[in-house]
There are 2 protein chains.
Amino acid sequence: MESKQVEPNPYAKNCGSRQVIDRIGDRWSVLIVLTLADGVKRYSELAQRIEGVSQKMLTQTLRGLERDGLVTRTPHATVPPRVDYALTDLGRSLLGLVSGLEAWATSHLGDVEAARARYDAREGRHGSAA
Amino acid sequence: MESKQVEPNPYAKNCGSRQVIDRIGDRWSVLIVLTLADGVKRYSELAQRIEGVSQKMLTQTLRGLERDGLVTRTPHATVPPRVDYALTDLGRSLLGLVSGLEAWATSHLGDVEAARARYDAREGRHGSAA
DNA sequence: CGGTATCCGACTAGATACTG
DNA sequence: CAGTATCTAGTCGGATACCG
């Protein structure tokens, strides 16, 4: 078989690496992975910890992460029911990157907000007072 | 709720750091920053290099990045017109992270695809054929 | 060339109601 | 407790048309 393995290129629209970037970029994925950083969590813990996520989005994102092999889902047949979520090795391999993202967001938030304020102030003077 | 300056916390829905994560997470933002990594580019070069982006999304994302202080926009009053885009220092500070993202996506693409195939195969046996 | 404005369809995400 | 199903509003994003 001579199907050449071209290197993954996120600029190419058909390349799967773009899907991977999409998943990482997902607003809830990042927060979920971050929340699972310090160990296994149950569904309700995630829901509580991640402010503003709806049940639908939480479940949906969790399923996506599970599908991509980043988290494991472990249901317990107890009553009341209980489901545990944890990072896989693959998920953990992403942790450094994701917490780097959080760190960047946290430390450069001020810069970004200042830049926005500057830009928005500029909007007003398009040549005429508005 | 809280006018006190608490430390940025992406879990809190009102915290700006979530907006920052959103911007980074944006599918086109990542690709644009990556494309600008090796220097200034003009609008048409970006459009060409980033496959599948529409003019609307390219301009819109570029404006967002400019507003957030990550890229500069430099129009030249020549004919035909020409606009150059480049990363700011802030934008460059993000480069390591973003290319780390690309590297992760590239190197773990196979794992993710395998996990997906495994998961999807599982779907078929929910107890009923479908 | 490098946009902007508008229209409109497709997908997203939230609220709600119900189930194992 | 941990979901699933459904409905719907809002947003996103592509195509098109036109301007500086």
Side-chain angles (χ1 to χ4, degrees), chain A residues 13-14 18-19 21-32 35-36 40-67 71-86 119 122-128 130, chain B residues 13-14 18-19 21-32 35-36 40-67 71-86 119 122-123 126-128 130:
Chain A
K13 61 198 302 191
N14 297 326
R18 201 175 264 194
Q19 261 73 55
I21 286 182
D22 277 2
R23 165 131 328 281
I24 299 171
D26 185 73
R27 101 192 297 164
W28 302 120
S29 294
V30 175
L31 293 174
I32 289 174
T35 306
L36 291 176
V40 57
K41 293 267 181 297
R42 42 190 305 192
Y43 183 86
S44 49
E45 289 180 287
L46 292 171
Q48 223 172 351
R49 182 92 194 264
I50 303 172
E51 206 177 318
V53 69
S54 66
Q55 197 175 37
K56 179 181 178 179
M57 288 316 296
L58 182 56
T59 300
Q60 188 174 300
T61 307
L62 245 11
R63 289 283 185 281
L65 291 169
E66 188 195 358
R67 185 168 107 100
V71 310
T72 57
R73 175 178 179 276
T74 313
H76 299 277
T78 60
V79 41
R82 169 206 181 108
V83 181
D84 287 332
Y85 290 91
Y119 185 94
R122 223 156 270 274
E123 289 219 305
R125 44 181 183 76
H126 268 186
S128 66
Chain B
K13 61 197 304 191
N14 298 326
R18 201 174 266 194
Q19 261 74 54
I21 286 182
D22 277 2
R23 165 131 329 280
I24 299 171
D26 185 73
R27 101 193 299 163
W28 302 120
S29 293
V30 175
L31 294 175
I32 289 175
T35 306
L36 292 177
V40 59
K41 295 264 180 300
R42 38 189 307 192
Y43 183 86
S44 49
E45 290 180 286
L46 291 171
Q48 223 172 353
R49 182 91 194 265
I50 303 173
E51 207 176 319
V53 69
S54 65
Q55 194 176 40
K56 179 181 178 178
M57 289 317 296
L58 182 55
T59 300
Q60 187 173 300
T61 308
L62 245 12
R63 290 284 184 278
L65 291 169
E66 188 194 358
R67 184 167 107 101
V71 311
T72 56
R73 175 178 179 275
T74 312
H76 300 276
T78 60
V79 43
R82 169 207 181 106
V83 181
D84 287 331
Y85 291 92
Y119 185 94
R122 224 155 269 276
E123 288 218 308
H126 267 187
S128 68

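Naming convention: chains lettered A, B, ... in sequence-line order (proteins, then strands); numbering from 1 in each chain.
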Heavy-atom side-chain proximity of A/T61 to A/R27 below 4.5 angstrom: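 A side-chain contact is absent here, since even the closest heavy-atom pair is not under 4.5 Å.
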Heavy-atom pair of closest approach, residues B/V30 and B/I24: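 B/V30 and B/I24 have their closest heavy atoms at CG2-O, 3.0 Å.
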Value in whole Å for how far the P atom of D/dA17 lies from NZ of B/K56: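 Whole-Å distance recorded here is 16 Å.
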Between C/dT12 (P) and A/L58 (CG): distance, integer Å: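 Checked: the CG to P distance equals 18 Å.
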Below 4.0 Å: OP1/OP2 of C/dG3 and any side-chain N or O of B/Y85: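 Answer yes for this pair, as a side-chain N or O of B/Y85 is under 4.0 Å from OP1 or OP2.
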Shortest side-chain distance from A/T59, nucleotide among D/dT4, C/dT6, C/dG14: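 Ranking D/dT4, C/dT6, C/dG14 by closest atom to the A/T59 side chain puts D/dT4 first.
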Atom pair OG/CG of B/S29 and B/D22 - distance to nearest 0.5 Å: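 Between B/S29 OG and B/D22 CG, I get 10.0 Å after rounding to 0.5 Å.
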Distance, nearest 0.5 Å, that separates CG of B/L62 from OG1 of B/T72: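 It comes to 10.0 Å.
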Spatial distance of atom CD1 (A/I32) from atom CG (A/L46) [nearest 0.5 Å]: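 The CD1 atom of A/I32 sits 6.5 Å away from the CG atom of A/L46.
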Interatomic distance, A/L65 atom CG to A/R73 atom CZ [nearest 0.5 angstrom]: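 Between A/L65 CG and A/R73 CZ, I get 13.0 Å after rounding to 0.5 Å.
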Atom-pair distance (CD1 on A/I50; C1' on C/dG14), nearest Å: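 Nearest whole value for this atom pair: 17 Å.
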Euclidean distance, atom CG of residue A/D26 to atom C1' of C/dC11 [Å, nearest integer]: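 Taking atom C1' of C/dC11 as the reference, CG of A/D26 is at 14 Å.
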Separation of D/dG3 P from A/E45 CD (nearest whole Å):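 One finds 13 Å between P of D/dG3 and CD of A/E45, rounded.
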Nucleotide nearest A/R42 (side chain, heavy atoms from C-beta), chosen from D/dT6, C/dG3, D/dA2: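 Shortest atom-to-atom distance from the side chain points to D/dA2.
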A/Q48, CD: over 12 other non-hydrogen atoms inside 6.0 angstrom: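 Atom CD in A/Q48 is not crowded, with 12 or fewer foreign heavy atoms closer than 6.0 Å.
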Minimum-distance nucleotide to A/Q55 side chain [options: C/dA17, C/dT4, C/dA13]: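 For A/Q55, the side-chain atoms sit closest to C/dA17.
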Side chains of B/R18 and A/L31 in contact at under 4.5 Å (non-hydrogen atoms):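 Counting from C-beta outward, B/R18 and A/L31 do come under 4.5 Å.
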A/Y43 and A/Q55, any side-chain heavy atoms less than 4.5 Å apart: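 Side chain of A/Q55 against side chain of A/Y43, heavy atoms only: contact under 4.5 Å found.
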Nearest to side-chain heavy atoms of B/R73, which nucleotide of D/dG14, D/dT4, C/dG3: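 Closest nucleotide among those given: C/dG3.
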Closest to side chain of B/Q60, choosing from D/dT6, C/dT4, D/dG13: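 Minimum distance to the B/Q60 side chain belongs to D/dG13.
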Distance in angstrom units between A/D22 CG and C/dT12 P, rounded: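 One finds 10 Å between P of C/dT12 and CG of A/D22, rounded.
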Net bend of the helix from C/dC1-D/dG20 to C/dG20-D/dC1, end axes of five pairs each, nearest 10 degrees: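 Overall, the helix from C/dC1-D/dG20 to C/dG20-D/dC1 bends by 50° from one end axis to the other.
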Contact list for residues 54-67 of chain B, test salt bridge (Lys or Arg N to Asp or Glu O under 4.0 Å), sequence neighbours left out: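 Non-adjacent pairs meeting salt bridge (Lys or Arg N to Asp or Glu O under 4.0 Å): A/D120-B/R67.
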Selected nucleotide, minimal atom distance to A/Y43 side chain, candidates D/dT6, D/dG14, D/dG3: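 Nearest nucleotide to the side chain: D/dG3.
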side-chain N/O B/R27 vs D/dG13 OP1/OP2, d < 4.0 Å: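 Answer is no, no contact under 4.0 Å.
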Length of the line joining A/R63:CZ and D/dT4:C1', which is rounded to integer Å: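 Those two atoms, CZ and C1', are 9 Å apart.
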Any residue of residues 74-84 of chain B with a heavy atom less than 4.0 Å from an atom of DNA chain C: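 Nucleic-acid contacts, sorted: B/P80, B/P81, B/R82, B/V83.
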Position toward the 5' end of DNA chain C (nearest nucleotide), B/L62 or A/M57: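 Nearest-nucleotide comparison on DNA chain C picks B/L62.
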Selected nucleotide, minimal atom distance to B/S44 side chain, candidates C/dG2, D/dG3, C/dC7: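 My answer, after comparing the listed nucleotides, is C/dG2.
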